[in-house]
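In what follows, a single structure is set out as structure tokens and then discussed.
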Amino acid sequence: MNEQYYQKLNETIYSSQLENGLLVQVLPKTGFHKTYAILTVDFGSIDRSFIPAGKEDIYTVPNGVAHFLEHKMFEKEDHDAFDLFGQLGADSNAFTSFTQTSYLFSATDHIHENLDVLLNFVQDPYFSAQTVQKEKGIIGQEIKMYDDDPNWRLYFGLLGNLYPQDPMHIDIAGSVESIEKITAEDLYTTYRTFYQPSNMNLFVVGNVDAQDTLKWIEQNQAAKKFEPATDPKSELVLNDETGKDVIPFRTLEMDVSRPKVMVGVRGLDPVETGRTGLKYRLAVELLLDILFDDTSDNYLRLYNNETIDDSFSYNFEMQRGFHFAYFSSDTNQPERFSDEIIAILEGAKQQIEAATSQFDNIKRAMLGRMISLLDSPEAIANHYSGKLFGGANLLDEITTLATIKIDDLYQIEKDFIQSQGISVYQVVPKRN
Amino acid sequence: MDFKLTDGVDLHVISTPQFKTNQILINFSTQQSKKNITARSLLADLLETSTHKYPTQTALARQMSSLFGAYVGTNVTRMGNLHTLRVRASFVNDQYAVAGLTDQIIDLLHEMIFHPLIDNDSFDEPTFTLQRNNLQSSIKALADDKQFYAGMQLRDLYFKDGSLLKIPSFGQLSDLPKLSAESLVTTYRDMVVNDRINIVVLGNVDEQHIAEEFSQFEFQPRSASFGPLFYQQTPIIEPKRKQQTQKLNQAKLNLAYQLPIYYQEKDYYASLVMNGILGGSPLSKLFVNVREKASLAYYASSQHNAFNGLFSIQTGIQSENRKQVERLIQDQVTAVMQGEFDSELLQEVKDGIVNQYETGLDISSNIVEQVLLDKITQSRTDTQILVQEIKAVTASDVVHVANQLRLQAVYYLNGDLN
């Protein structure tokens, strides 16, 4: 068991890779009542084409399988995992992203038993034609709920512009049509390929003793038999890595009170994984704060001329195999919004120069916000991105942030912001 | 520790080493009226935009940024018949930032409360106009969120004509043209002079020192006594029904019941358990029967507002299933009324409520909220009391509570895209 103490932040994290390959990390929080545990599989919605475990040929599953699998893991032949957690007084949930699927619980008591329930239900699949069929109605309603959400449509509309031929533009849950095709066999094949202990990690934060917790998890795993680990490969091959397929502009009419617009920047630069990748991500976030956060002159100008309002937001997402930034606002001047945002992005070098005096402040603010996250067991555990950032946790992120200098931003700006990768998507009120 | 700063102004400080951040909540409460709800909502926006010392939002944002990314902001909400405006700060503890950070935050709060951007008895005119436009846009945009929209329509249908609770806590569009940069000064002064004020501070702080800092705030004594906190209305016999149609993929069916059980009053804890059994958890009747078994919805849940007595149920469905879903919902309500739930579910729901309360003690803003609630309702909540009270709830208590449900309104938002 490895133990790492972060003196400045006064936190200790314990980690261990079990014999079957499962990576376990424990961060005890003194004074806390709850324990939060999250078991993550390195497998998400974009992993739709892969070589099944023990096979040689590529297999492609219908869109939405990762999310469907997440729903169906809870239901067993004669019970439901929700009920087992319920009997132990725990709250449980799960979620699927582009590249990960996570199962979690939070509880104040019976932590050993709850950990067993978590590991057992995720490591014991049961799918039948009947239970798969039943889930289609529920997920169908989930998809339709999101179809009526203009912000969701805006986001996936933009992704459809940035990655028109790649799986990132497809709703994580798939479509009503695609989930109709999903079979129990698809779920088993996918499960066997990706749900191997060596492709998972378990993060436990809260009112626990690290030694005991590790011992419980080791005992649970030692009592089970697993197939020999294979290295599940689902390399994302982009349709066009130069980004010539980016669609510059599209618009959608919906029943909204006023236009919503989103500008996106697809990163066309290859980015290393590991700590270099982490530093890249943090530097882009600092860059975006310098250009657009509410301490910037740009923000005040756009706010005062009513190009943006309090709905303005921006974000940078970096996941396995792709990265992009987006900026959005409700606005009565959607063209002006996108013109202004693009002009700021394309003049980023001058913008950094002009905002040099703000850099330390902006970095300090980001540092403060990250330290605040240490009060949340969920935030600590959910921040972990596994192999993508070389096993860095939130504490490592805080340490890495301190090493970034303003000079790093100039290089990042040049690599990341390329006109070829810029696109605009609008959701506008229906014309009568 | 509690401190009385002056009549009607109380400070509550909770010193704990559990968190790396500190929280400050300054709560202004008053009796809501037809005139003050929208005005106070806009006032909240103005107070967090600028001050005399920081006359633009950029200047104010830069100050917060330099204070280690502190969040300092305002919002409005309501508790029964009270309207509350809150000024809230959340920031890193001195130990992880710099010595004196908490004091600097308190200075900033003082500046925001006592030195807003008012000159010659008027808020800064351009700021006022911009914030009024923004509030108007954001109220209009709420209708884009159909789940929220259906909930608002249901409330409007449930509350009687002329009831102040028909007006959302964030205000209504029709009031906005009546407000001016001058009228909001009156609203502001009325709030600072007459509102009841509760300040809650939580974090790794010295209680006496915090009390000294806040004793420098120039609050004058006030009587701050209000009418009843809880809202009540006479139930009607025949439920009101309303239906609208929009171009949507999913229809929304929402039901409103009256449940005249109030915070910390008789049957309160039993009402928490009843809600958990009916629709307040993934173990509940609605979740299991409408979603899991019948596969008719992704969400099907209930909640109870213990300050106004509104108990609501919401679902998102296919329009052709409307009748079936409504019947199924009513069946679940009837089942709970008739005690058709096993002792296992009862126990699990009770454990879940205790678990939820205890996990809430790990979220500093939650503790602050609970302290405020206790002070305003003059009650006391702690784990021991809660566990005892929840434990004591029996199946017949749940049945007794469920039998007080009176269906009052059904709102249906039809989606016609399918």
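All chains are named by letter (A, B, ...) in the order of the sequence lines, taking the proteins before the strands, and each is independently numbered beginning at 1. As the structure is a prediction and not an experimental result, all values here were calculated from the model.
Looking only at distances, no side-chain donor or acceptor of B/Lys146 sits under 3.5 Å from a matching main-chain atom of A/Asp149. Although no hydrogens or angles enter the test, the distance criterion places no donor-acceptor pair under 3.5 Å between the side chain of B/Asn134 and the main chain of A/Asp309. Counting only distance, with no hydrogens or angles, the side chain of B/Gln18 and the backbone of A/Gly31 share a donor-acceptor pair below 3.5 Å. Put simply, the side chain of B/Ser295 gets close to the backbone of A/Lys134: a donor and an acceptor are under 3.5 Å apart. Side-chain atoms of B/Asp362 come within 3.5 Å of backbone N or O of A/Lys34 as a donor-acceptor pair. Put simply, the side chain of A/Asp147 never gets that close to the backbone of B/Asn249: no donor and acceptor are under 3.5 Å apart. Checking side-chain atoms of A/Asp375 against main-chain N and O of B/Phe19 turns up no donor-acceptor pair under 3.5 Å.
Within the model, atoms CD of A/Gln141 and OH of B/Tyr299 stand 9.5 Å from one another, a figure rounded to the nearest 0.5 Å. Between the CG atom of B/Asn93 and the CD1 atom of A/Ile371 there is a distance of 10.0 Å, given to the nearest 0.5 Å. Taking CD of B/Gln246 as the reference point, atom CG of A/Asp148 lies at 9.0 Å (rounded to 0.5 Å).
With B/Gln57 as the partner, the side chain to side chain contact (heavy atoms under 4.5 Å, CB included) test is satisfied by one option alone out of A/Asp294, A/Thr295, A/Leu300: A/Leu300.
Ion pairing between a basic and an acidic side chain is recognised when a charged N comes within 4.0 Å of a carboxylate O; B/Arg62 and A/Asp297 show such pairing. A salt bridge links B/Lys20 with A/Glu11; the closest basic N to acidic carboxylate O contact falls under 4.0 Å.
When side chains are defined from C-beta on, B/Leu130 counts as touching A/Tyr303, because their heavy atoms get closer than 4.5 Å.
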